[in-house]
Protein chains: 2
Amino acid sequence: MVEHAQEALFRPVRAGNAFEETVERLMQSIRLGVVAPGERLPSERELATRLGVSRVTVREAIRSLQENHYVESRRGRYGGTFVNEVLPKSAPAKDFGDVHDVLTLRRVLETGAAETAAGRSLGPAERRGLRARLEEASTSTLAEYRRKDSRLHLAIAEATGSAALTAAVAESRMRANELLDHIPLLEPNLAHSNAQHERIIASILDGDPVAARQAMAEHLDGTASLLRGFLV
Amino acid sequence: MVEHAQEALFRPVRAGNAFEETVERLMQSIRLGVVAPGERLPSERELATRLGVSRVTVREAIRSLQENHYVESRRGRYGGTFVNEVLPKSAPAKDFGDVHDVLTLRRVLETGAAETAAGRSLGPAERRGLRARLEEASTSTLAEYRRKDSRLHLAIAEATGSAALTAAVAESRMRANELLDHIPLLEPNLAHSNAQHERIIASILDGDPVAARQAMAEHLDGTASLLRGFLV
DNA sequence: GGTCAATGGCTCGCAGACATACCTTTGGAG
DNA sequence: CTCCAAAGGTATGTCTGCGAGCCATTGACC
C-alpha cells in the first residue's frame with residue numbers, strides 16, 4: 001500500500017458541517033469581492049438551491065454574517081441581504097501551519113490558469129472583462145486592494161473556460177488571503193503589483209502563454225516571499 | 001457583482017451525503033491503486049477517524065463495496081477488509097458533460113506538480129519511491145496499467161511536498177479516469193506512455209523544472225487528444 | 001390607493017448521521 | 001491450551017439538517 005497518498009485520499013470527507021461551509025462560502029464571495037459592498041446577495045431561496053443546502057441553513061449562515069456586521073437584510077419585495085459598505089477587519093489569526101501547502105498549490109493553479117487563458121482565443125466580452133478588472137485593481141485604494149486583486153485573478157481563472165479550475169483558484173485564494181491579511185500592505189508593493197498585473201494581462205491578451213506564466217509566477221513569488229518573511 | 005465567478009463560489013457545498021462521499025473515497029483508493037488488490041484497508045475505526053465520519057457510515061460504505069465485489073471482510077484479530085484480486089469493470093458511463101473542464105484542470109495541476117517536484121531537493125527515499133513507481137508502471141500489464149499509472153502520477157504530486165496539491169491531483173485523476181475507462185488502451189499507447197514517463201521522472205530527478213513540465217505536458221496532451229477523439 | 005409578487009422570518013416533523021456502548025470472532029503469544 | 005488484543009458486527013438514543021409550508025413586509029405597478 002502506498003503510504004503517503006493515503007493522507008490525501010483518507011482526509012476528512014467534509015471540511016465542516018453544512019452551516020460552517022455555508023458561512024465560509026458567503027464570506028469568500030464577500031472577501032474576494034465577488035459581491036461588492038452595497039450589492040445584494042442572491043435570495044435565500046436561490047442560495048439554498050445553488051449551495052445544495054436547506055434554506056434554514058442558509059438563514060443561519062446569514063444571521064452569523066449579520067452578527068459580525070458583514071451584511072444587513074431587508075424584508076419585502078426588492079429587499080434582500082446586502083453587503084455592508086464598511087466591512088469588519090479580518091478574523092484574528094488562524095493556523096499558519098501549512099503556509100508551504102497553500103503557496104505551492106496557489107502557484108501551480110494560478111500560473112497554470114494564466115498560461116491556459118493565454119492559450120485560448122478569448123471573445124470580446126472576456127477581453128473587456130479582463131481589462132475592466134485590471135483597471136479596477138490599478139485604481140483601487142489600499143483598503144479595497146485585496147478584493148479588487150482577487151477579482152482580477154478570478155477573472156483570469158474564468159478566462160480558462162474551466163469552472164473546476166475557477167473554483168480551485170477561488171478556494172486557494174481564500175486560503176492565501178487568510179495569510180496575507182496578517183501582513184502589512186504598502187504603497188510600493190501595490191505599485192509593483194499593478195505593474196505586474198499589466199504584464200500578465202497584456203501577455204494573456206496577446207496570446208503568449210509562456211510570457212503569461214512567467215509574469216504570473218513572478219507576481220506570486222513576490223507576495224510569497226513577503227509572506228514567508230513575515231510569518232517565520 | 002461579478003457574474004461568472006459566482007458559479008464557482010455558489011456551487012453545492014457538498015458533493016453528496018456522507019455515505020456517498022465515503023464510498024467515493026474508498027473507490028478512489030482502490031481504483032487509483034493506493035490500496036492494491038490483496039491488501040487490507042485501514043480498520044473501520046481508523047477510517048472513521050481519518051475520514052471524519054461515523055463508523056456506521058464507514059460500514060455502510062464498505063457494505064456497498066462488498067456488494068459490488070470490490071472488497072471482502074474477515075472478522076477477528078488480523079482480519080479486516082481486503083481488496084479483491086479481481087476487480088469489477090468500471091461503472092457504465094457517466095456524464096461526459098465537462099470533458100474540457102476535467103482535462104484543463106488536470107493539465108494545470110499535473111504539469112505544475114511536475115515542475116514543482118523538479119524544483120525541490122528530493123530526499124533519497126523520495127527518489128527511490130519515484131523510481132519504484134516508474135518501474136512498476138513500465139512492467140505492468142494492460143489490465144493493471146491505469147492503476148500503476150495513477151500511482152506514479154500520485155507519487156509525483158507527493159514529491160511536491162504539498163498535501164493540498166496531492167489531494168487535488170488525486171481528485172482530478174479520478175475524474176479523468178472515469179473518462180479514460182471508456183476508451184481502449186492499446187499496446188502502442190502504453191509503450192509511448194512508458195517512454196514519456198521515463199522522461200518526466202528523469203527530468204524531475206535531474207532537477208530540471210522546465211523539462212519536467214514540458215515532458216508532462218506532452219504526456220497529458222497525448223491522452224487528452226485521444227479522449228477528445230473518442231468522445232466527440 | 002389597492003394589488004401582488006418577491007423577499008425575509010418562522011415552525012414542525014422526518015430522515016440521516018453521529019457517538020457510544022457492547023457483542024462476536026479470530027489467531028498469535030505465552 | 002488459554003488468554004486477549006484487535007478486528008468486524010450490532011443496537012440505541014441524540015442531534016443536525018432538510019423539506020415544506022405558512023406568515024409578515026415591502027415597494028413597483030396599475
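Note on naming: letters A, B, ... go to the chains in the order of the sequence lines (proteins, then strands), and numbering restarts at 1 for each one.
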To the side chain of [X], which of [options] is closest?
X: A/Y78; options: D/dC18, D/dG8, D/dA28; value: D/dA28
X: A/R45; options: D/dG17, C/dC18, C/dG8; value: C/dG8
X: A/R55; options: D/dC22, D/dG17, C/dT24; value: D/dC22

Starting at [atom1] of [X] and ending at [atom2] of [N], how long is that distance when rounded to a whole Å?
X: A/F82; N: C/dT7; atom1: CZ; atom2: P; result: 11 Å
X: B/Q66; N: D/dG8; atom1: CD; atom2: P; result: 10 Å
X: A/L47; N: D/dC18; atom1: CG; atom2: P; result: 13 Å
X: A/N17; N: C/dG16; atom1: CG; atom2: C1'; result: 15 Å
X: B/E44; N: C/dA19; atom1: CD; atom2: C1'; result: 16 Å
X: B/F19; N: C/dC18; atom1: CZ; atom2: P; result: 12 Å
X: A/E60; N: D/dG19; atom1: CD; atom2: P; result: 14 Å
X: B/I62; N: D/dT10; atom1: CD1; atom2: C1'; result: 15 Å

For [X] and [N], is the shortest distance between a side-chain N/O and OP1 or OP2 below 4.0 Å?
X: B/T57; N: C/dC18; result: yes
X: B/T81; N: D/dG8; result: yes
X: B/R59; N: D/dG9; result: yes

Lys/Arg-Asp/Glu bridge criterion (N-O < 4.0 Å) met for A/E110, A/R106: no

Assess whether one donor atom and one acceptor atom, taken from the side chain of B/R75 and the base of C/dT24, lie less than 3.5 Å apart. yes

Check this for me: does the side-chain of A/R77 come within 3.5 Å of the base of D/dA28 through a donor and an acceptor? no

What's the shortest heavy-atom distance between A/T160 and B/H100, and which atoms? O-NE2, 3.5 Å

Here's a test for you: under side chain to side chain donor-acceptor pair (under 3.5 Å), which of A/R131, A/R147, A/R151 qualifies with A/E136? A/R151

Which class fits the ring pair A/H153 and A/H197: parallel under 30°, tilted 30 to 60°, perpendicular over 60°? perpendicular

Give a yes/no verdict on a cation-pi contact between B/R74 and B/F82, requiring under 6.0 Å between NZ or CZ and the six-membered ring centre and an angle within 45° of the axis. yes

